[in-house]
Amino acid sequence: MSLLRSVKDPAGTVAAPYDPELHYPNPWLALKAPHNAYSDYHHERADRLLSWMAPHVEQDTQAITRMRAFERRQPSFQTDGGEVYTHRPPDSPKTRLMYRDRTGNERVLVDNFTPSMEYPDVYPNGFWVSPDARHVIYSDADPVHEGGAALHMVRTDTGAQVGAPLLDAQYPSGSWIDNRRFVYALHAPGKIRSWEHNWRLHMRTLGADGTFVDERLHGPERASGSSRYDFVPGPKPGTVTILSYSSLLNSPQSVDVVDLDGNGGGFRIQREADKALARVRPGPRQPDGTRRMFVLRLDRRSRHAGRIVVVDPPARPGRRPRRRQVVAGRRGDVIREFEVIDRGPDRPPALALSIRRHGAEARVDIVELKTAAPWRGGLKAGRRWTPELDGAQPIMSRRRRDRIKGWYGTIASMTATRGDGRGGLDIEYAARESVPHRLYRMDNLDRNTAPRVVAGPSTQAARAAGVPAVDVTLHRPRVGLFRRTSLHLVRPQGIPAGRPVPEMYTAYPYYFLGGHNLNFTPYAATVVAKGIAWAGHPVFGSGARGFHEATGEHRHARRRALREMRAALRHLDQVPGLAGRSRRTGFFQSAGGMTGLDAYRHAPEEFRSLFFNRTLTSTLTRDRPSQAAHMLVDSPLDRRAGYAQSGGIREAVRKPPENVVFTLGSSDPRIPDHLVRMTAAAFDEARARFFGDKGKQPGGTYLIEQRGSGHFPGGNEQAVISTVAGFLAGRHQRPAPAANTNLAPNLPGVRTPANASPPLSRAATAAFPARRAPAAQSEVGLLASRGLKPLHSLRQALRKHLSAVTDRHADRRADRQVTARITDIGKDVLELSRQKGPR
């Protein structure tokens, strides 16, 4: 406890978000420093843990290196002048930005393309090609600063840079309006840099002589000063469509068309008050030069399954635009993304819908549009079908009633292409544990033509590199009388019957347009290859929410997520072939940190270990102060916000899991390192307060601080994650210590169990007064060496030590802690005396 007290500042506070007179306690200010007593202790502890794991880390590093060496080519963006795409060649660590003209000649525009923290290993794009393909603007960022990207412009015919880069730009947003104008957002000068705040609109205009001018734009009125932007070309020449939102995943969006030429062509498509998430794509250009706008809306009318609405610009300024629904999401489906496919001037366009079911079942639906009466918007849905993706990961359903329509994994991205001149489609697909990224191409939209694989490893190549063959089963345990939750269980093939399989259980908040990342992840594939079953559970959206959402209409989201998690865990206990809670590890990462805190607080008995990988476990407020994971808040409103986010670790009174591991291997301004340290310190303090050493044996808290870049871990970091996961699941056993090895050097003569390495073990007697500690240690050691023939001698010795301690520590809480600590020491000494016998 003294180790925690050394980094705890009782006077440390930060201001509350709305009341300048109210302050949050922030007792762990010293943890902001990279080197402090608590972190230094855990560095040594992590080194001891990883030292004997070094051979396993090396093996996993080699396996992950092979898996990261697969070719990956992402869907191309095609125009009349050529196409631009990203490509990572086989056995290369670098992703290249490529241009191909209409004659087939290729040019490398960027040799090492790193647009931001969301680098191409995970998310695509980060570049924008002009309609004539003469210029490309791409994003380049230090991975540490996700909000501070630099925009570069290059000529595709020569690859030469045009002008100086634009600094402090917003990623991943920008758009060419025509061949001359590009709209983007820059960070407001003089403001504190934040990932989501203080963006201003700008436009770059190219001249005929190759020069350009950057100027400020005044966009639509915003409901929030922290809005971010997405841009697409508008319905009329000289207009741009702007989507503004305060959070990428779970906030409503406003959609406005802004006239850049001042011709009165601006209008509003959607207000933020409509509380609808949206995506916008422009349709093909019509004979009069205008475009229809296709808007994906996830709103109450669609029951959050999504619907595509066609928007025609108003005939005269001041009139309302005309809206007509053409496609609605089917029951159980969520339309996540869509593309508009130009099929030529004499045919209506088609739609490609990226569908997600149950959080982890994905497919692409093609919808042909037909001409309809003007009062129906001029378009209506025609034939609809799902093209087969050869080699995709199949799913089995545990219940006959649960129909499977797609494949396990994700549609990473897709783009419309020219195809054979009548429209085509590029589709990138992956499955987290079993199928590396593959690029499929449809050269025509014929229902009888299957997409062909044009890039990515074959199944044989993936298996040769160590990617496991798996079976995926959809489970739908009942949560209530009328509701079920979805759970995907990924099990490695070839496990002998009768051998119980340990589990990795992952719960991640599932947003409607967002969701947990199911792109191919080498460390997840390596974990499954060890013979561990991975249970992926997309719980109701309850992750990183802001102050308003924590106290507003979404305040019940985490309670619902906890019910779903408990139902899934009870169901897993009954699945044949699994080892159950005795060998179950809870794995929580990123925005799933709040769900992990709920697992620790409300269901710790369901897990043997908990693993937190770069989790968000602090309160988000308007001014974004950094909070400890266990807040004491006086204001009822702020208390609701604080505990809605933190989970109230101080209130945890159940026995914690055997091991709690934190890894913080990436640099992410949204999740600073010290916030993870604060959470680990709160865990340690809660364990010591309520359970003492009993809650730490034989495991404890591990804080593993790696040095990497990007929110998504790099190769060696992934190896550490997979090795530690194998250790928690029992696949990597700690070697037994040598005889008479003393793992608690501050207690001479007292042995601890073979696997004991509790947190704070270096300060096991730190609760004793400084002047009394040496005498207390000597006497306990003397009692242990003599064997303690009569039991009453032990009791007398404990009373003596307790009296000496409580004379100096009058606080009742300290009394309980010291009593529990000395009692445990006495039990160990008594056990030794029984083993040795009286002398």
Side-chain angles (χ1 to χ4, degrees), residues 75 123-125 230 232 241 243 245 248-253 255 269-270 274-283 292-311 323-341 348-369 377 379-387 389 392 403-416 425-430 440 442 445 451 486 509-519 538 540-541:
Y123 292 118
N125 308 339
D230 267 337
V232 295
T241 305
L243 286 74
Y245 48 91
L248 181 63
L249 294 179
N250 56 359
S251 289
Q253 294 168 315
V255 182
I269 296 177
Q270 175 178 299
D274 295 338
K275 296 183 178 181
L277 297 169
R279 296 286 191 268
V280 179
R281 296 290 185 270
R292 290 188 173 102
M293 305 303 296
F294 291 81
V295 181
L296 166 62
R297 286 172 59 96
L298 273 78
D299 50 14
R300 291 184 177 179
R301 179 175 173 180
S302 71
R303 298 190 177 184
H304 300 289
R307 59 193 182 101
I308 307 294
V309 179
V310 177
V311 179
R323 304 178 179 89
R324 294 291 185 273
Q325 177 179 307
V326 293
V327 175
R330 295 174 175 175
R331 184 176 180 180
D333 292 348
V334 176
I335 305 176
R336 189 165 181 260
E337 297 286 352
F338 79 107
E339 292 293 335
V340 181
I341 304 173
L351 299 177
L353 311 178
S354 174
I355 305 294
R356 174 175 282 181
R357 291 171 56 87
H358 306 300
E361 177 191 339
R363 72 177 192 272
V364 174
D365 281 3
I366 306 297
V367 181
E368 293 182 347
L369 300 182
L379 294 174
K380 65 178 181 180
R383 293 194 308 164
R384 178 172 177 169
W385 74 94
T386 301
L389 300 182
R403 298 180 58 191
I404 303 298
K405 301 181 179 179
W407 302 270
Y408 173 76
T410 185
I411 303 299
S413 59
M414 60 182 185
T415 60
L425 185 68
D426 274 2
I427 304 169
E428 189 183 28
Y429 162 82
Y440 296 82
M442 299 181 66
L445 300 186
S486 299
Y510 174 48
Y511 308 103
F512 297 112
L513 288 181
H516 59 314
N517 177 32
L518 287 176
N519 285 276
F540 182 76

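Note: hydrogens, waters and symmetry copies are ignored here, and every other heavy atom, side chains too, is used. Computed from a predicted model, the values in this text were never measured in an experiment. Each residue takes its place number in the sequence, starting with 1.
- Here the side chains of Val367 and Phe338 are not in contact, with every heavy-atom distance at 4.5 Å or above.
- A heavy-atom distance below 4.5 Å is not found between the side chains of Val311 and Val255.
- To the nearest 0.5 Å, atom CD1 of residue Ile366 and atom CG of residue Leu351 are 9.0 Å apart.
- Pro387 has its side chain out of reach of Tyr440: every pair of non-hydrogen atoms, C-beta onward, lies at least 4.5 Å apart.
- A salt bridge does not link Arg279 with Glu339: every distance from a Lys NZ or Arg NE/NH1/NH2 to an Asp or Glu carboxylate oxygen is 4.0 Å or more.
- The two atoms that bring Ala276 and Arg297 nearest to each other are CB-NH2, 4.0 Å, heavy atoms only.
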### Query
Can Met293 and Val280 be said to form a side chain to side chain contact (heavy atoms under 4.5 Å, CB included), step by step?
CA-CA 7 Å; Met293 305 303 296; Val280 179; 3.4 Å; yes
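- Across Glu368 and Ala350, no two heavy atoms sit closer than the pair CA-CB, 4.3 Å.
- Between Leu296 and Gly306 the shortest heavy-atom distance is CD1-CA, 4.1 Å.
- Side-chain contact check for Ile308 versus Leu353: some heavy-atom pair is nearer than 4.5 Å.
- Of the possible donor and acceptor atoms, none in the side chain of Glu428 sits under 3.5 Å from a partner among the backbone N and O of Ala412.
- Residues Pro349 and Phe294 share a closest heavy-atom pair of CG-CZ, 4.1 Å.
- No side-chain heavy atom of Val364 sits less than 4.5 Å from a side-chain heavy atom of Leu389.
- Here the shortest heavy-atom pairing between Val340 and Arg281 reads CG2-CB, 3.9 Å.
- Annotation: side chain of Asp299 is in contact with side chain of Arg307 (closest heavy-atom distance under 4.5 Å).
- Closest non-hydrogen pair, Pro282 versus Val232, comes out as CD-CB, 4.4 Å.
- Annotation: salt bridge (Lys or Arg N to Asp or Glu O under 4.0 Å) contacts of Arg357 (sequence neighbours excluded): Asp333, Glu361.
- Between Thr415 and Leu425, every side-chain heavy-atom pair lies at or beyond the 4.5 Å cut-off.
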### Message
Does Arg323 form a side chain to side chain contact (heavy atoms under 4.5 Å, CB included) with Val295? I'd like the steps, not just the answer.
### Response
CA-CA 10 Å; Arg323 304 178 179 89; Val295 181; over 6 Å; no
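- Going from atom CZ of Arg363 over to atom CD1 of Ile404 covers 10.5 Å, rounded to the nearest 0.5 Å.
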### Evaluation steps, salt bridge (Lys or Arg N to Asp or Glu O under 4.0 Å), between Glu337 and Arg356
CA-CA 9 Å; Glu337 297 286 352; Arg356 174 175 282 181; over 6 Å; no
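- Interatomic distance, Arg384 CZ to Asp365 CG, rounded to the nearest 0.5 Å: 4.5 Å.
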